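Worksheet: the structure to be examined is printed underneath.
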Amino acid sequence: MTVIVESTYTQDAHEQVGGGRYTYERHIDNLGRPLTFGPYLCADSMNPESIMQARAVRLNAEFAARDAEASEAAQGRIPWSKLEFRDQLGSATEEAMDYFFATFEVNPNLTEAQKAKVRTGWNRYKEAHYIERPLRPEVLSLLGLFKLLGMITQAKIDEIQAASELA
Amino acid sequence: MATYYVNSGAAGANTGGSWTDAFLTLTQGVAAATANNDVVKVHYTHTETAASTIATAVANIAIIAVNKDSSDALTPMGASGGFTSAASYTILAGAFRVRIYGLTFELTGSAVRFIQGGGADGAHLNYESCLFSCVNTASTSGITLGAAAVDSQSYAEYRSCTFKFGHADQRFFCGRNAIIGGGIDAAGTAPGSQGLFSFARNDPGGAHLTVNGFDLSHLNVTTPTLIADSTTQTFLARLVQCKIPSGLVYLATQTATNAGAGEVWLMDCASGDTHGLFVYANPMGSVVSDTGIYLTAGAAAQSWKIVTTANCSYYTPFETPWFGYYNTVTTAITPYVEILRDGSATAYQDDEVWIDVLAKVTASSTQSSLATDRMTLLGTPANQAAGAGLGSWTGETTTGAPDAWSGKCAVASLTPAEVGHIQARIVVGEPSITVYADPQIRT
């Protein structure tokens with residue numbers, strides 16, 4: 001679920017001729033994305049702190065509405081965060097996965113073509129903000145690779161896939 | 001050219017030929033108006049439950065609210081009559097050109113619903129002195145000014161119309177629209193907390209909104225926002241001589257992080273008695289009039305405060321609108337613009353701030369040529385030249401030793417071949433910085 005986790009504002013030191021100061025807000029959501037507002041002219045009678053907090057509340061409400069729409073469209077399956085996906089793997093697979101991605105470039109058992117696919121897949125994982133449910137084919141391919149490398153069992157993959165399809 | 005009559009209070013033959021025999025519904029009146037320039041007169045107390053489509057035009061006509069008891073004097077319905085529903089409805093279907101005067105359209109209920117003011121593909125609608133009352137209480141309900149469907153080429157204009165809303169988050173959904181005069185009804189809930197104008201639905205790319213002489217002062221008090229995130233549709237919104245509320249955010253953060261998302265212009269709009277202010281904004285940055293820091297000798301005691309977002313760069317910079325200078329000589333000139341950096345004495349460099357100049361340097365041609373003082377691609381940045389000096393500016397930071405920098409952006413000498421306008425714009429290639437510029441081309 002997307003929420004604002006940090007809100008800051010800056011304000012000009014100088015006033016405008018009709019009163020008020022240009023004010024600039026910056027809100028950061030839980031995925032690290034900035035949302036900026038302004039510059040807007042904040043009248044002397046207005047409290048920029050209150051305005052910023054109220055805007056954060058409204059942004060959270062809009063995010064919740066969008067998430068609800070997306071959830072409805074996905075039949076109740078809200079995407080997993082990457083952390084939630086890693087929880088599904090279990091600690092043993094998680095550690096093995098981390099070791100694999102840290103060393104695959106020098107792994108003598110992989111061909112250059114295989115390394116290229118792993119490299120791109122790993123970069124796409126890093127770029128993704130969340131893991132869609134049900135799981136995309138490329139995620140299932142990744143789990144299939146882990147199975148070939150002995151990092152995960154088919155039973156565990158089936159369990160994760162089933163969990164991804166639950167509302 | 002025929003005239004048809006509509007009055008829900010009539011008790012005659014329902015043939016539309018007179019007030020006595022007036023049609024009981026607008027759909028009947030519009031259906032009867034089959035020739036161009038036919039007129040459908042609607043008595044101002046006419047009331048009707050709005051069907052999903054109130055009426056379908058079959059010719060280029062006019063629908064006009066009058067007072068049948070006062071020699072058919074033009075009389076807007078206001079609260080005396082109108083079309084009401086708790087379900088979404090389209091006002092007029094049909095790809096025709098129609099003027100609609102003085103009608104009232106109301107949306108009630110609490111579920112998400114819309115009044116569809118825009119027309120079908122090919123429609124051109126001129127609303128005048130109409131009341132659009134979206135007193136529905138759902139947060140995402142609203143008034144659709146634009147097209148009735150995607151991929152529609154339609155136009156709707158709202159002249160001297162009043163708009164009323166029922167929730168702080170409600171908004172207009174726009175396409176190719178113009179609003180002239182009128183305003184937001186202060187008797188309703190102040191809308192626009194997330195953006196009064198949205199371009200996110202209905203129209204394809206190319207939404208274009210012009211707003212002249214409109215009263216937007218009744219917007220959400222806490223977080224009034226002019227343009228919502230347009231998500232997937234590009235737009236151009238231009239407001240001229242409108243009344244706006246204090247604290248108005250001109251452009252909400254846009255999903256698209258490039259200049260193609262859209263742009264908003266405000267010319268001579270303010271909440272109070274300050275005139276001649278200018279605003280331009282797109283996802284790459286913004287320009288606002290600053291009356292607190294400006295070149296003392298500059299016109300109108302204001303500068304352009306340019307603030308870039310994180311989306312711009314040297315390679316894809318923020319570009320201000322062009323501004324002009326009427327040149328009367330055909331001898332060599334060196335066009336330049338004074339700039340200021342406040343809060344730091346470090347000069348801006350030519351990969352951070354520069355100007356583009358368009359001038360007619362080729363004789364017997366209207367085509368201008370581009371000159372710039374931008375750092376050459378793959379070049380080495382150099383400081384911009386010193387400007388008129390800090391003593392020539394008003395309002396800059398003077399604490400510290402010093403705490404501002406006066407510079408100028410200047411192109412190399414050029415020789416206009418023709419008398420006429422020279423254009424320039426300030427270009428900022430550094431993200432998240434502020435530059436004050438005197439928007440006057442000097443030579």
Side-chain angles (χ1 to χ4, degrees), chain A residues 2 4 6-29 31-70 72-73 127 129, chain B residues 112 139-140 168-169 193-195 220-226 228-229 231 244-255 257 270-275 277 279 281 283 285-294 301-302 305-307 309-311 342-343 394-397 399 403 432 434 436:
Chain A
T2 312
I4 296 296
E6 182 185 327
S7 299
T8 56
Y9 75 90
T10 56
Q11 205 170 42
D12 278 351
H14 65 280
E15 271 206 335
Q16 297 301 302
V17 72
R21 300 169 197 274
Y22 280 115
T23 306
Y24 191 77
E25 285 176 20
R26 182 179 170 87
H27 303 265
I28 310 290
D29 71 14
L31 296 176
R33 294 175 297 196
L35 293 94
T36 56
F37 296 85
Y40 72 87
L41 198 54
C42 184
D44 293 333
S45 58
M46 302 168 82
N47 183 332
E49 176 75 29
S50 301
I51 293 170
M52 179 184 72
Q53 297 300 343
R55 201 181 319 275
V57 168
R58 291 207 175 274
L59 286 170
N60 285 334
E62 189 163 301
F63 291 150
R66 284 190 199 174
D67 288 344
E69 274 184 28
E72 189 176 322
E127 286 296 322
H129 288 298
Chain B
V112 178
S139 64
T140 51
D169 292 349
S193 66
Q194 303 275 33
N220 176 263
V221 172
T222 311
T223 57
T225 306
L226 186 64
D229 179 7
T231 59
I244 59 176
S246 294
L248 180 66
V249 167
Y250 307 113
L251 194 64
T253 305
Q254 299 295 304
T255 295
T257 55
S271 60
D273 191 18
T274 305
H275 301 263
L277 301 180
V279 173
S286 63
V287 179
V288 295
S289 289
D290 196 306
T291 57
I293 293 179
Y294 56 91
Q302 59 178 272
K305 174 176 175 169
I306 303 165
V307 180
T309 68
N311 299 327
D342 192 48
T394 297
E396 76 277 22
T397 302
T399 56
D403 203 14
S432 305
T434 298
Y436 294 88

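All heavy atoms count here, side chains included; hydrogens, waters and symmetry mates do not. Naming: A, B, ... by sequence-line order, numbering from 1 per chain. Note that the structure is predicted; figures quoted are calculated from it, not measured.
- Interface summary for chain B: among Ala43(A), Gly38(A), Pro39(A), the most heavy-atom pairs under 4.5 angstrom belong to Pro39(A).
- Here Thr255(B) pairs with Asp229(B), Thr231(B) under the side-chain contact (heavy atoms from CB on, under 4.5 Å) rule; sequence neighbours left out.
- Interface residue Ala54(A): backbone and side-chain heavy atoms are both found under 4.5 Å from chain B.
- Using a 4.5 Å cut-off between heavy atoms, Leu248(B) touches chain A through its backbone atoms (N, CA, C, O) alone.
- With sequence neighbours left out, the side-chain contact (heavy atoms from CB on, under 4.5 Å) criterion links Val221(B) to no other residue.
- When the candidates Ser271(B), Ser289(B), Ala310(B) are compared by the number of heavy-atom contacts under 4.5 Å with chain A, Ser289(B) comes out ahead.
- Side-chain contact between Thr23(A) and Met46(A): absent, with no pair of heavy atoms (C-beta onward) separated by less than 4.5 Å.
- Using modelled atom types, one side-chain atom of Ser193(B) and one backbone atom of Ala168(B) make a donor-acceptor pair closer than 3.5 Å.
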Query raised in the report: Going through the distances and angles, do Ile51(A) and Tyr40(A) end up as a side-chain contact (heavy atoms from CB on, under 4.5 Å)?
Result: CA-CA 11 Å; Ile51(A) 293 170; Tyr40(A) 72 87; 3.5 Å; yes

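- Contact annotation for Asn47(A): neither backbone nor side-chain heavy atoms come within less than 4.5 Å of a heavy atom of chain B.
- The residue among Asp169(B), Thr309(B), Leu251(B) with the most heavy atom pairs within less than 4.5 Å of chain A is Asp169(B).
- A donor-acceptor pair shorter than 3.5 Å cannot be found between the side chains of His14(A) and Asp342(B).
- When heavy atoms are compared at a cutoff of 4.5 Å, Gln16(A) approaches chain B by way of both its backbone and its side chain.
- Taking 4.5 Å as the limit, every side-chain heavy atom of Ile293(B) sits out of range of all side-chain heavy atoms of Asp12(A).
- Note that CG of Asn311(B) is 4.5 Å distant from OG1 of Thr257(B), once rounded to the nearest 0.5 Å.
- With a threshold of 4.5 angstrom between heavy atoms, Thr140(B) does not approach chain A through any atom at all.
- When each of Gly292(B), Gly343(B), Gly395(B) is scored by its heavy-atom pairs under 4.5 Å with chain A, the top score falls to Gly292(B).
- Residue Thr274(B) touches chain A through its side chain alone, counting heavy-atom pairs closer than 4.5 Å.
- Proximity to chain A (any heavy atom under 4.5 Å) is restricted, for Val307(B), to the side chain, taken from C-beta onward.
- If you tally non-hydrogen atom pairs under 4.5 Å between each of Thr222(B), Thr434(B), Val288(B) and chain A, the highest count goes to Val288(B).
- Neither the backbone nor the side chain of Asp273(B) comes within contact range of chain A; no heavy atom of the residue lies under 4.5 Å from a heavy atom of that chain.
- Within the model, atoms OG of Ser286(B) and OH of Tyr22(A) stand 9.0 Å from one another, a figure rounded to the nearest 0.5 Å.
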